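First comes the structure, then the notes that go with it.
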Amino acid sequence: MKRILLSILALTIPFITFAQETTEKGLDQKIDEAFQPVSDFFSNVIFFEVFNGAPFVIILLVLSALFFTIYFGFPNIRYFAKAINVVRGKYDDVEGHSLGDPAAAVDGDIPDTIRDESKDGEVSHFQALATAVSGTVGNGNIAGVALAIALGGPGATFWMIICGLLGMSTKFVECTLGVQYRDVGEDGTVYGGPMYYLSKGLKERGFAVVGKIAAVIFAIFCIGGSFGGGNAAQSNQATIVLKEMFGLESAGAGTIIGVILAILVGIIIIGGIKRIASVTEKVVPLMAVMYIIACLYIIFSNFSFIDDAIGMIVTEAFNPKAIGVGGLIGVLLVGFKRAAFSNEAGAGSASIAHSAVKTKYSASEGLVALLEPFIDTVVICTMTALVIIIFNSGGAFQYGGDGSGAVLIDGVSYEGAGITAQAFGKFIPYSDIFLTIAVVLFAVSTMISWSYYGLQSWKFLFGRGKAADLTYKFLFLTFVVIGAAASMNSIWAFSDAMIFAMVFPNMVGLFFLFPVVKKQLERYFEAIKASKN
């Protein structure tokens, strides 16, 4: 371990020296100015407006989630308990190697084939859920929520919750398809996600060309999403809290932090140091639990204000005079946008992780996956929102702020995670240290998960060789530095654009293939029923 730390220090020194030499030139500013046009271009293309200032992609996402919720009979409510039981392993015997699958004829599979399907996969239901949650529970829950409330006020929280509940149905559909059409390599490695259910599923429906084109488009956008929301946005927020904690005001401080973060992430994703990865795997869930406990402490310490906070969330969700974002539609859009960014339901990214599960019933993992938006958005995002609303009960800042996500607190401008840090700091002594560590760890864990998503898409486009792997990882690490150096506005605009761009090709697959999901769900329920007889 000592050698590893010395190696990191040795690699970091040249970059720090370079950044210090260019401080007077404003290295962070130069990077931001170079990146801003790229960010603006993609943001304008993806978020084109069609109705009263509402971007088409948000309308598509919301209406699709509503359709899947109704079509499958509100699976987010009806199958919630069953989903928990699947994670607990209650139906593991159903997914074993038993003969006589009662629903074998549903898809024309012979019993022996179905019996062997459970051998495919690399992780358990719980591990797949944990991996996917680690990719979503991150700075979207800390910084993204703060951004939503700063712009749209407490009412944005209501629409975040609604989006999270509807997103459970979308996540169920896309993760069922991810397992159903996954590809298993000769060495047992699983390759899954929208790239595969678009290409294989649509070919099955007689639309091979459409499927192939949609799969390629998705893979390109997913790579962009891994560079943006899964990477640059994370390093951006980690940099904000680190600069604030250590009082770094140098014009090159962001670049320095970005290089250090890139080295740390690079050691894990390139070097494959299992010891560090295993430590992260244990520490991040612990930090998540501690973060939830801290939120609950603040919420219940202000118990008398909880009903007022909830009342503000509900009433201001329908307030046509909401400050900062243009009334009711504006508040709704801010809430849905931040929730969708946080839980990624509809983007299809999580199906890449869920595809690696060990199961012969694809719908079983779809049920597991519907828990993800609930954990991420309905629980954790709501807790963060309540903390910030309670903090602002005395008028610490004005909702709406500067119109771009920044607010003034005691005469100082704060944005994203910085707002959440101020809220924690009021109620918990030295919480700035805790929150800084949490933000950095959440950022690193999210970057690691998204490097896997992006790499899978890269492999789909360029093959599974080592040269392709290293090329992707080098580009990925470059965006760690860009995210740390550039401004929050340009980074989050680019990140939003890349995450939401994935929705377009993904929805093509979901609307072509949702009948398959229904058949697989019936097949799984029949197997459970048969096991009880």
Side-chain angles (χ1 to χ4, degrees), residues 4 7-8 10-12 14-15 18 31 34-35 38 42 120-123 131 135 178 181-200 211-232 234-235 258-277 280 348-349 351-353 355-356 444-484 494-495 498 501-502 505:
I4 293 172
S7 299
I8 293 173
L11 288 169
T12 304
F15 290 104
F18 170 74
I31 292 175
F35 188 70
V38 177
F42 283 108
D120 294 336
E122 301 177 86
V123 296
T131 301
Y181 292 101
R182 64 187 176 182
D183 189 15
V184 183
E186 293 181 1
D187 60 352
T189 302
V190 175
Y191 303 93
M195 307 84 72
Y196 293 91
Y197 61 70
L198 282 166
S199 56
K200 296 167 70 174
K212 190 66 176 177
I213 293 172
V216 169
I217 293 173
F218 176 86
I220 293 171
F221 286 149
C222 187
I223 292 168
S226 74
F227 291 160
N231 182 347
Q234 306 300 321
S235 64
V259 170
I260 294 172
L261 285 173
I263 291 171
L264 291 172
V265 174
I267 287 173
I268 298 173
I269 69 172
I270 294 178
I273 298 179
K274 294 181 180 180
R275 185 181 299 176
I276 295 178
T280 306
S349 54
S351 68
I352 299 173
S355 296
V444 171
S445 68
T446 301
M447 285 189 278
I448 293 169
S449 295
W450 265 95
S451 70
Y452 174 73
Y453 298 163
L455 183 59
Q456 290 288 72
S457 297
W458 189 272
K459 287 179 176 180
F460 180 81
L461 293 176
F462 303 108
R464 299 170 184 175
K466 289 185 178 180
D469 281 21
L470 290 174
T471 301
Y472 168 79
K473 289 172 181 176
F474 174 78
L475 291 172
F476 184 85
L477 295 175
T478 301
F479 272 85
V480 176
V481 181
I482 292 174
F494 173 77
S495 300
M498 289 296 98
M502 296 161 61

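Basis for what follows: all heavy atoms, side chains included, without hydrogens, waters or symmetry-related copies. Since the model is a prediction, treat every value here as computed from it, not as a measurement.
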To the closest 0.5 Å, what do you measure between [atom1] ([X]) and [atom2] ([Y])?
{"X": "L470", "Y": "I269", "atom1": "CG", "atom2": "CD1", "value": "10.0 Å"}
{"X": "I448", "Y": "F476", "atom1": "CD1", "atom2": "CZ", "value": "8.5 Å"}
{"X": "L477", "Y": "S235", "atom1": "CG", "atom2": "OG", "value": "10.5 Å"}
{"X": "S495", "Y": "Q234", "atom1": "OG", "atom2": "CD", "value": "8.0 Å"}
{"X": "I352", "Y": "S449", "atom1": "CD1", "atom2": "OG", "value": "11.0 Å"}

[X] versus [Y]: any side-chain heavy-atom pair under 4.5 Å?
{"X": "W458", "Y": "T471", "answer": "yes"}
{"X": "I223", "Y": "L461", "answer": "yes"}
{"X": "F460", "Y": "C222", "answer": "no"}

Considering all heavy atoms, the nearest [X]-[Y] contact:
{"X": "R464", "Y": "D183", "answer": "NH2-OD2, 3.3 Å"}
{"X": "V481", "Y": "A262", "answer": "CG2-CB, 4.1 Å"}
{"X": "F218", "Y": "P194", "answer": "CZ-CG, 3.3 Å"}
{"X": "S457", "Y": "M195", "answer": "OG-SD, 3.8 Å"}
{"X": "G178", "Y": "S355", "answer": "O-OG, 3.1 Å"}
{"X": "A468", "Y": "G463", "answer": "CB-O, 3.9 Å"}

Checklist line | side-chain contact (heavy atoms from CB on, under 4.5 Å) evaluation trace for K459 with Y191 | finding: CA-CA 9 Å; K459 287 179 176 180; Y191 303 93; 4.1 Å; yes
Next item on the list: Return yes if a side-chain donor-acceptor contact under 3.5 Å exists between S226 and Y472, otherwise no.
Entry: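 Distance-only check passes for S226 and Y472.
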Checklist line | side-chain contact (heavy atoms from CB on, under 4.5 Å) assessment of F494 paired with F479 | finding: CA-CA 12 Å; F494 173 77; F479 272 85; 4.1 Å; yes
Margin query: Set out, in order, the CA-CA distance, both residues' side-chain angles and the distance that settles side-chain contact (heavy atoms from CB on, under 4.5 Å) for N231 and I482, then state yes or no.
Written below: CA-CA 10 Å; N231 182 347; I482 292 174; over 6 Å; no
Note to self: Test your reading of the model: is there a side-chain donor-acceptor pair from K473 to the backbone of S451, 3.5 Å cut-off?
What the structure shows: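 Not a single qualifying donor-acceptor pair exists.
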Checklist line | Within the 6.0 Å centroid threshold, strictly below: Y197 and Y181 | finding: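 Ring centroids of Y197 and Y181 are no less than 6.0 Å from each other.
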Next item on the list: Go through Y196 and R182 one step at a time and tell me if the side-chain contact (heavy atoms from CB on, under 4.5 Å) criterion holds.
Entry: CA-CA 6 Å; Y196 293 91; R182 64 187 176 182; 6.0 Å; no
